[in-house]
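Mind having a look at this structure? Questions to follow.
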Amino acid sequence: MKYFTVLPLFLGLPSIAMAATPPARISLCSNGCPSPAAAVGAAYFMTNQPSGNYLVSATVEPDGTLALYEAVYTEGTGGHGVRPDAIGPLDALFSQGSIGVSAAQRFVANVNAGSNTVTVFAVNTTNPAQLNVIGKPISSGGEFPTSLAINKAGNRLCVVNGGRVSGVSCYTFAAGAGLTPLSNTIRSLNLDQTTPPTGPSNTPSQVIFSPDEKQLIVSVKSGYLAVWNISPDGSLSTNFQTVTGGILPFSLSYVPGKNAIIASDPGVGYDIFNMDTNTAVSLPIAGQTLTCWSVFSGESGNFYMIDVGVSTITEVEVTSSLGSSIVKQYTLGHDGPIDTAVATVNNKDFMYSLAANATGITVLSVNGPGQAKISQRVNISGPAQAANLALDSSHLQGMATFIGK
Ligand SMILES: *[C@@H]1O[C@H](CO)[C@@H](O)[C@H](O)[C@H]1NC(C)=O
Ligand SMILES: *[C@@H]1O[C@H](CO)[C@@H](O)[C@H](O)[C@H]1NC(C)=O
Ligand SMILES: *[C@@H]1O[C@H](CO)[C@@H](O)[C@H](O)[C@H]1NC(C)=O
């Protein structure tokens, strides 16, 4: 009844639905921008705001430190899943891989969970922190996209959706043209979900290609991986196969040289899936609460498991027989670390960890096994506020890097 009395008032107002278009670009270095000539690359994360999603860039300096550069409008909107547990509002998308980079084709892609789209950007040839949108955002083929994967050649991209219409969808990429939907790749995960989804359990976490690019793999936080076969033309098998294991398998990385995947798992610590035998083991990290993200460093040869709940990074060694052990743990105060990326800068590895709870980025130098050290803390909230860029810790998501010019 209430709505009927309010409605006539709105009908009388002109253009009530016309919202102002967010600015295309917002500088975050008005007090002096880092020199594009000196930068060796860039790092990117997103605001994931429902009012308008921005991709934020920072230059990577020759010593591995970051300098914030600018925010570019994705022409899409961010989203936030519903979580009835007491953990708090961090990790809006329940995912790893919401931003991807192709070094081969010089582009960056991100998901817009609120508008069910994917946006692609060209990386400027002289300034990798400067991105230009290619075309228009394209439909994600479902609802609430949360993670994407790009193949090695950079000519294929697949996305996973975790909302009411859940599942994967793939595209071709070509410079200039951007993304084009690929036939026979919209495949359902058959999750009984809503938009936005309620999680973190029963939501997809990450989508990846197998190293031979013959399989597309999605981790689902109901204790399984969903695996589709990819045909040479890029189309996907109609149904997925299930590899059960873990409690809430989250981030996915292949163990180098092995047909095995290591997954962070906030239900226990981490899981190792043997993809030859379709079996899995779950390994505990004592005291962990939300080990949801992970990265690999070639310099140390180890994996780093990131726990937002207790702000800890756990370094894990995996042996050639797929045994594993904890090498060291690093505590990060009240960072609330989420998505993290590793980049090699002048033969040294650096970890760029989105410190969601501190609204910043923590940079760690790897320095070999068991030797990681915090080398920089970047404040995001101060520069964003000064530039009128809307962001908050509960929405921040994604981290990816481009190294080179
Ligand atoms: C690339 O970046 C340079 C340096 O910031 C700038 O002068 C140039 O206009 C940019 N190119 C494009 C296509 O935006
Ligand atoms: C977030 O930061 C606040 C203030 O520093 C702290 O009290 C809280 O425990 C932190 N939360 C997480 C999840 O780290
Ligand atoms: C970031 O900078 C702002 C503005 O200078 C300040 O208020 C805030 O406390 C800083 N955040 C951290 C985590 O240091």
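Whatever order the structure lists them in is the order used to number ligands and atoms, beginning at 1.
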Flag the pair Phe107 / Phe121 as yes when their ring centroid distance falls below 6.0 Å, and as no otherwise. no
Which atoms of ligand 1 sit under 4.0 Å from any heavy atom of Asn132? 12 (C), 13 (C), 14 (O)
If you measure from atom 8 (C) of ligand 2 to every heavy atom of Asn357, Asp335, Leu290, which option wins on shortest distance? Asn357
Note, Leu66 side chain near Val363 side chain (heavy atom, < 4.5 Å): yes
Could you tell me, atom by atom, which parts of ligand 1 come under 4.0 Å of a heavy atom of Gln130? 1 (C), 2 (O), 10 (C), 11 (N), 12 (C), 14 (O)
Tell me the closest heavy-atom pair linking Ser297 and Val366, and the distance in Å. OG-CG1, 3.5 Å
Is a salt bridge present between Asp63 and Lys348, judged by a nitrogen-to-oxygen distance below 4.0 Å? no
If you have a sec, work out which protein heavy atom is nearest atom 9 (O) of ligand 1 and how many Å separate them, to one decimal? Asn124 ND2, 4.8 Å
Within a distance under 4.0 Å of any heavy atom of Ser311, pick out the atoms of ligand 2 and give their elements. 14 (O)
Answer yes or no for atom 11 (N) of ligand 3: protein heavy atom present at a distance under 4.0 Å? yes
Return a yes/no value: protein heavy atom under 4.0 Å from atom 2 (O) of ligand 1? yes
Report, in ascending order of atom number, the atoms of ligand 1 lying under 4.0 Å from any heavy atom of Asn127. 2 (O), 5 (O)
Smallest heavy-atom separation, Ala92 atom then Asn48 atom, equals CB-ND2, 3.5 Å
Give me the nearest non-hydrogen protein atom to atom 4 (C) of ligand 3 as residue plus atom name, then the distance to 0.1 Å. Gly382 CA, 3.8 Å
Do any non-hydrogen protein atoms sit less than 4.0 Å from atom 14 (O) of ligand 3? yes
What I want to check is whether the side chains of Lys221 and Ser205 have a donor and an acceptor closer together than 3.5 Å. yes
Closest heavy-atom pair, Ile338 versus Ile306, reported as atoms and distance to 0.1 Å, is O-CG2, 3.6 Å
Asn53-Thr77 side chain donor-acceptor pair, cut-off 3.5 Å: no
Which ligand 3 atoms, with their elements, are less than 4.0 angstrom from a heavy-atom of Ser381? 1 (C)
Distance-only N or O hit between ligand 3 and Asn379, under 3.5 Å: yes
For Gly360, is the nearest heavy atom under 4.0 Å from an atom of ligand 3? no
Can Asn229 and Ser237 be said to form a side-chain hydrogen bond (donor to acceptor under 3.5 Å, both in side chains), step by step? CA-CA 5 Å; Asn229 291 323; Ser237 54; 4.7 Å; no
Ligand 1-proximal atoms of Thr125, by part, heavy-atom distance under 4.0 Å: neither
